[in-house]
Structure formats: C-alpha cells, structure tokens
Amino acid sequence: MHALEAHELYRFFHIGDDETAALRGISLHVSAGEMVAVVGPSGSGKSTLLSCITGLDEPDAGYVEVAGKRLTRRPEAERSRIRAASFGIFQQSGNLFGHLSVAQNLRLTMLMVGKPNEKRIGMLLESVDLLHRARALPAELSGGEAARAALAAALAADPPILVADEPTAEVDRDTESRLIAHLEARRRAGLATLLATHSKALALKADRIIALRDGRIDNE
Ligand code: ADP
Ligand code: MG
C-alpha cells in the first residue's frame, strides 16, 4: 500500500464554450520516505493535480487514496478530516492566516488534528530559522521568510504526506538550499513528498520525476 495513490484523474474546466482539459488520466503513487517531483510548463496541470490530490478540488473522474483509504467523492466534512490528518499542504499563495502570527498559524494547524505542542512549535521555527519571527504577522515577512513559515505550518501537525506547489518559487538560492535540506531531513524520517517545481535543484533531489504536458504524463 502506498502513502498516496492517484488513479486516472481527469479534470475539465469550462468557461463559456471553451473547455480546458487540465488533467487527462493522470495516475501516480508516492510511498513513505519517497520524494516525487511534478514538472512541466506553466499551464500543464501541476497545480490542478495537486489540488485534486489533497481534495481541495474534486476530479471529474478518477480517485485518490490516502494510505489505502479513498478521499475522493466523500462529503466535504469527511474530506477535510482526512486532509487535515494526512496532508501538509503548501500552496502557491494563501498558506498563512493574515491576522495570526507565525507561531499562532502553527498552533492552529496543530489544533486541527490534536493538541498544540509549544516545544514542537519552537523546534519547527528553529529548523526553518524563524524563531526570531515567531510573533510576526505574515504581512511583515519577506518572501523567503513567508515560504519558510508556510513550510513550517504545513509540517506542524506532523503529517505523513507533504504536498507542495512550487515551494521554492519565491525564495533566493540560499533559502532554497535551506528548504531543500529541511525537506530531505523530513523525507529520511519517512515523509512522503509530492511537489510541483520549476527548480532543477529541487527536482534533482527527487526519487522520481513526473513530467506533465497538457494534462498528460509526458514520458519523453
Ligand atoms: P500549472 O500549475 O502547471 O501552471 P494549472 O493546473 O494551474 O497548471 O492549469 C492547468 C490548466 O487548467 C490551464 O490551462 C489553466 O488555465 C486551467 N485552469 C486551472 N484552474 C482553472 C480554473 N479554476 N478555471 C478555469 N481554468 C482553470
Ligand atoms: Mg501552478
């Protein structure tokens, strides 16, 4: 059994008479301790794939299984429960609640699956070098700090799976290598990681690379 499996996902968007087939039959799997990178040009379906996989969006056909349990086509309340317990999610934007400090954002993520652990909040912030920014609001952070805070928040509840959409897009090289080192350490500890990325440095760290083109897996 894989930590995460997607079977033949299809997703269509309609605007007026136009149809965009964002996903056309995508299957993949990620095991515990494995890092899989999704690459492909802008518009190839990476973000749609990741949203369908975490249940933030519903595929029009196909399904997703988390540790052998189907996530797709369940009532939203049930889907959110599975999502909160299974996934750390890093999106392209909107990862942090703007009216909460960095530490409060981590605390809230922990609250959704259990009890906040103050020591763990400190350790997580230290691991992304943000202990000194614990009380800062998201608007007060630089791009690199915000990305690191979002990663810490995604990992706060110690999820078995991390799904990250271009986690290093907004950061400088130095921050990127720190984020990569952090992701590698988590992978060694058993985290299953699925990420969309434009970064060669990050894709090279992956165990497998899945290339998308026009919503299909492009094996060329
Ligand atoms: P990527 O992340 O690889 O850049 P996306 O998954 O964002 O690609 O987009 C794939 C295709 O689906 C694009 O053609 C995009 O315009 C379209 N698309 C994505 N989300 C929507 C949406 N909510 N409504 C309409 N079209 C969308
Ligand atoms: Mg995208």
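Heavy-atom basis, side chains included; hydrogens, waters and symmetry copies ignored. Just follow the structure's listing: the first ligand is 1, and inside any ligand the first atom is 1.
At a cut-off of 2.8 Å, Ser42 does not coordinate the Mg ion (ligand 2) through any N, O or S atom.
None of Ile161, Val30, Thr54, Leu162 except one satisfies the side chain to side chain contact (heavy atoms under 4.5 Å, CB included) rule with Leu194; the exception is Val30.
No hydrogens or angles considered: a donor-acceptor pair under 3.5 Å links the side chains of Glu19 and His14. Looking at Ser31 and His2, their side chains do bring a donor and an acceptor atom within 3.5 Å of each other.
Ligand 1 is surrounded by Phe13, Ile15, Thr20, Ala22, Pro41, Ser42, Gly43, Ser44, Gly45, Lys46, Ser47, Thr48, each with at least one heavy atom closer than 4.0 Å.
Arg11 has a carboxylate O that lies under 4.0 Å from a charged side-chain N of Asp57, or vice versa, which qualifies the two as a salt bridge.
Identified under the side chain to side chain donor-acceptor pair (under 3.5 Å) test for residues 147-169, with sequence neighbours left out: Ser47-Asp165, Asp158-Arg186, Glu166-His198, Thr168-Glu176.
A pairwise comparison of heavy atoms in Ala154 and Phe90 identifies CB-N, 4.5 Å as the closest pair.
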